[in-house]
Amino acid sequence: MMEKSDNLVIRQIVAFVLCVYIFIRSASASEGFESLACCADSNYIDSVTNLSYTTDYSFFSDRTSCRSISSVLNHKSYERLRVFDIDVGKRCYNLPAIKGQVHLIRGTFPFDNSLSENPEYSFNVTIGVTKLGAVRSSKDLEIEGVFRATKDNIDLCLVTEEGNPYISQIELRPLNEEYLQSLPSSVLKLISRSNLGGREDDIRYPADQSDRIWKKVTSPYTPISFNASILDHKNNVIPPLQVLQTSVTHPERLEFIHSGLETDDNEYLVFLYFLELNSTVRSGQRVFDIYVNNVIKKPRFDAFGEGSNYRYIALNVSANGSLNLTLVKAFGSQYGPSCNAYEILQVRPRQEETNQTDFDAILKVRKELLIENQDNNVLHSWTGDPCVLFPWQGISCNLQNDQPVITKLDLSLSDLRGPLPSSVTELTNLQIMNLSRNSFNGDIPSFPPSSMLTSVDLSYNNLTGSLPQSFNSMSHLKSLYYCSNEHMSNEAPVNLNSSISTDNGSCKQENNFPEQAIIIAAAACGSILVAMAVGTLFFCRYRRRLIPLESFDGKGSPMATNVIFSLNSIDDFLIKSASSIQAFTLEYIEVATEKYKTLIGEGGFGSVYRGTLENDQVVAVKVRSATSTQGTREFDNELNLLSAIRHENLVPLLGYCNENDQQILVYPFMSNGSLQDRLYGEPAKRKILDWPTRLSIALGAARGLAYLHSFPGRSVIHRDVKSSNILLDHSMCAKVADFGFSKYAPQEGDSAVSLEVRGTAGYLDPEYYTTQQLSAKSDVFSFGVVLLEIVSGREPLNIHRPRNEWSLVEWAKPYIRASKIEEVVDPGIKGGYHAEAMWRVVEVALQCVEPFSTHRPSMADIVRELEDALIIENNASEYMKSIESQGSNRYSIIIEKRMLPSTSSAVAESATITTQTLNHPQPR
C-alpha cells in the first residue's frame, strides 16, 4: 500500500516538473514558426495560442482580392480570406524554411456560400510542385503536410481546377525528425490526428510544442482519463501530455474506420500512441494484436513492454479508399486493448522541381525586372515553380537528366522597361531569348562562352551602346536580331561568326504590297494567262507549297478586300503592334451608347448595344446582365485572353468597364452580324450568302481557331465554337468571338478532366461531354458542325423538323457517306459551286464530327483543306469563265486525291490536273 502511495507522489511530482518545464520553454518554443493571416488588417497575437500572426500583404498587395466571410470555424482569425480570381494558373506563397529540417505546414480554407454555388468547386494545394491535397467546397477546412526542406524556402501553392483558389491562414512549424526517417524524399499529407477519450475539442500550442492540432474523437468505447506522467521517456515522437492523459479501452477490441480516402493504392504512415493509465497494469497484462484493413501488422503488442509505461509504434501500410485500424485482445492477455491517440498520414512521392540553378537565376531576373515594373501583370503571375504546374508566362522548359530546365524566355510585347536584367546570363540552359518590342534601355549584358543560346531577339527597344564581343564566343548562336534600337550602334562585333543570321541593326519593312500588286495585276490578264496561272498555282501548291492567291466573288471579279494568302507561319498573323486594352468609365459608356439606346443582340453574358466612341468608331458594347449565368470569371477570362492575343480572324477587344459592379466589354461593331444570321436568320431571307463567300468565311474562322490552338507558350481551347460566335465585318471577313469559356489546353502532367463541361447543344463534342476530357479536338468537332451549317444552311439542332432531322450531324452523315451531297447542300446555292471544292468541305466536316477525337483532324489540317477548296473554287470558276468566253466546250478541273488522314498532322495528298469535255459532274 505504501509502495502505491509513493509511486503516486512520484508521478505527481514528475507531472509538475514537466508542466513547469513546458511553461519555461514556451517563450522560446515558437522559434522558427511562420504564421500568416491572409488579408488581416494588421499583425496580431492570437488569443488562443498566443502566437504572433502577420498579414500577407508582403506577398500579395492587392486588397481587392480580400473577402470577409461568416466563418464556419467560429474563430476570429478566420473571418478574412484572400480569393485569387484566376481562371487558369497558380498562386504561391514563398515561405522561409530551414534546409534539412522537417516541417509541418498547414493551410486553412474556411468556406462560405458567397464564394460559389458550384457543388464541384475545388482547387489543389501543393508543397512546391508535389500535390498535397484538394480543397473541395466546405469539405476541406484545413490541409496539412509534413516535408523536409531541401532549400531555405518552400512554396505553398494554390492551383486552379474548378474554382478560384482562396485561403485564410498559413502556418509553418519545425517538426520532429522521426516523421520522415523512413521516408526522406516524401511528403506526408495529414489524414487524421486523433485524441481518443479527449475532454477538450482541440489541443495545440502551447501544449503541443510543434503546434500539431489534436482533434477530439467521439467513439463508443470507454474513455479513461488520469493525471499520469511518463516515467521513462525514451522517445521523441510524443503527443502533448494532455493528449496522453486520456484514452479509450474495450475488453475485446477497438476499431477506427477512415473511409473516403483516395481510391488508388496509396501508402500510408500510421502512428499509434499508448500510455498506460491504469497504475495496476504491468508488463504482459495488456497485450493485443494490431490489424490494418484486416491484415495483422503487429502481433502481440505489449502496451507496457520494454519497461516503459509509454510506447508508440509506426506502421507503413497500403490502402485503397478506406483504412481500418483494429486492436484485438491477444490470447492470454488480462486486459483488453487501449489507445491514447493516433495519426494517419498519406505518403506522396516528391515531384521533381526545376533545376535549382535555373530557378535561382530566374528569380533574380524577376527581382531585377520588378524594380521598374512593379505593376506588370506578367511578373506578378510569376509565382511558384517556373516549369511545373502551369509554367510561368513567357517561359518554356525541357527535361534534362529527368529534371526541368528553362530553355526559352519570351517576354516580347510584355510592356517591360528599365535595363535588361543581367541575371539572364545565369540561365545556363537557355536556348531562345526574345525580349523584343518592349522599352528596355541601357547596355546588353555579356553572356559567357558556355551559353547555350541559339536565338536572341532584342529588336524594337531603347537599348544603347553596341553588341558585346561575347557574342563572338557563343558557339551555339544561330540568329541575332537587334534592329530598331535608335540609340544603339549598328556595328556588329568584330569577327562575328558568318553562320549567325542577323539583321545588322536594320529592320526590314513588313510590307506585302509588291506581292499583292503582282497578284492583282495577274488577275486582270486575259483568259490564256488565267489558264496558265491555274496550272502554276497547282504546281506550286503540290510541289513547293507556295500559294499566292487572289479571291474571286464567284462571278470572276477580284475581291481586293478579301485577298487570301497561305502564310509560311501561323505566327505571321500576330498583330505585333497591338494597342493596349482601354479602361472606360461607366459614364463614358453611357454617353457612347446614348444610355443603351440601340439593342443589337442578346447572349449568355448579357445584352449587346450599339455605340460610338469619341473618334467616331462604331462599337458593340456587351453589358453583363444581373441574371446572367456567366460571371466575373468569364469577364476576366475574355479580358485577359484578348489582352494577350491578336489575330485578324479573332474579334479584338477595344476596352472594358468594371465599375459599380457593372462588367462591360467593348468590341468593334461587326456590320454584317454573325454567320448564323447570314445563314438562316433574318438577313438570310433578304439575301442568300453565296458559296465562295461561305468558303472564305469558313477558312477565316478556321485560321482564327488554328491560331488559338497553336498560340505560343500554351494553346487555347475556345470551348464554345458555333456560327453565332463567328462574326462578319464590313468586308465579310470572319472573326471568332466570345472567349468567356476559353481555357488553356491541358499539358503533360496536368489533369485534363473538366468538371464544368461548357458548350452549346448541337455543337458539343460527345466525347468531351461523356469523359470530361478537354482537348483542342473538342473545338474541331464544333467547327465540323459549323461547316455542315455553311454547306446546308441548316441550324445544328431543330426539334421542329422530323425526328430523323433533329440533329444536323446525324441527318447529314448518311447522305455524305452515300455520295449524295446534293441532298445536303443548301438549295439557295445549288448550281453556284464547284463540285470538287464542295466535296473537300463536306469530307473534312465529316471527319471533324467523328465520335472519337483521335480520328479528327487538327485545325491546321482543316486550314490546308479549306485553302485547297478555295483555290479550286475561285480559280476553276475563272478558268471555266475564260474558256466559255471563247465559245469552246465546257471543261472542268478534276482533282484526284486521297481522303484527309485522321491522325496525321500533315495532309497526305496527290493531285493531277486534267481537262476533258464535261456535261455532268464526275462521280466520286
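Here, residue 1 is the first one in the sequence, and each next residue gets the next number.
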Asks: Does one side chain, of N461 or N485, offer a donor that lies under 3.5 Å from an acceptor on the other?
Replies: no

Asks: So do the side chains of L650 and F739 get within less than 4.5 Å of each other, counting heavy atoms only?
Replies: yes

Asks: Step by step, work out the side-chain contact (heavy atoms from CB on, under 4.5 Å) result for S186 and R350.
Replies: CA-CA 5 Å; S186 298; R350 198 155 191 164; 6.0 Å; no

Asks: Have D503 and S506 got a donor and an acceptor in their side chains that come within less than 3.5 Å?
Replies: no

Asks: Run through N462, L463, L458 and flag the one making a side-chain contact (heavy atoms from CB on, under 4.5 Å) with F440.
Replies: L463

Asks: Between R82 and D56, does at least one N-O distance fall below 4.0 Å, as a salt bridge requires?
Replies: yes

Asks: Apply the test side-chain contact (heavy atoms from CB on, under 4.5 Å) to residues N153 and L95: give CA-CA distance (whole Å), side-chain angles for both, the deciding distance (0.1 Å), then the verdict.
Replies: CA-CA 5 Å; N153 52 70; L95 305 167; over 6 Å; no

Asks: Per the side-chain contact (heavy atoms from CB on, under 4.5 Å) rule, which among V365, T428, I362 passes with I406?
Replies: I362

Asks: Hey, what do you get for CG (L411) to CD1 (I395), rounding to the nearest 0.5 Å?
Replies: 7.0 Å

Asks: Check R703 with E648, please: is the shortest side-chain N to carboxylate O separation under 4.0 Å?
Replies: no

Asks: State whether a side-chain donor-acceptor pair under 3.5 Å links N429 with Q400.
Replies: yes

Asks: Do you see a donor-acceptor pair shorter than 3.5 Å between the side chains of S484 and S459?
Replies: no

Asks: Mind checking whether Y93 and F84 have parallel, tilted or perpendicular rings, split at 30° and 60°?
Replies: perpendicular

Asks: Take atom CG of N377 as the centre, draw a 6.0 Å sphere, and report whether it contains more than 12 heavy atoms from other residues, nucleotides or ligands.
Replies: no

Asks: Please walk me through it: do Q403 and T354 pass side-chain contact (heavy atoms from CB on, under 4.5 Å)?
Replies: CA-CA 6 Å; Q403 189 176 42; T354 296; over 6 Å; no

Asks: Checking side-chain polar atoms at under 3.5 Å, does E368 have a donor or acceptor matched by the opposite partner on S423?
Replies: yes

Asks: Any chance NZ of K367 has more than 12 other-residue heavy atoms, nucleotides or ligands included, within less than 6.0 Å?
Replies: no

Asks: Please walk me through it: do I645 and F711 pass side-chain contact (heavy atoms from CB on, under 4.5 Å)?
Replies: CA-CA 8 Å; I645 294 179; F711 186 62; 3.4 Å; yes

Asks: Roughly how far, to the nearest 0.5 Å, is CG of L699 from CD1 of I862?
Replies: 11.5 Å

Asks: Would you compute the distance between atom CG of N434 and atom CG of L409 and round it to the nearest 0.5 angstrom?
Replies: 8.5 Å

Asks: I'd like to check the side-chain hydrogen bond (donor to acceptor under 3.5 Å, both in side chains) partners of D443; sequence neighbours left out, ordered by chain and number.
Replies: T464

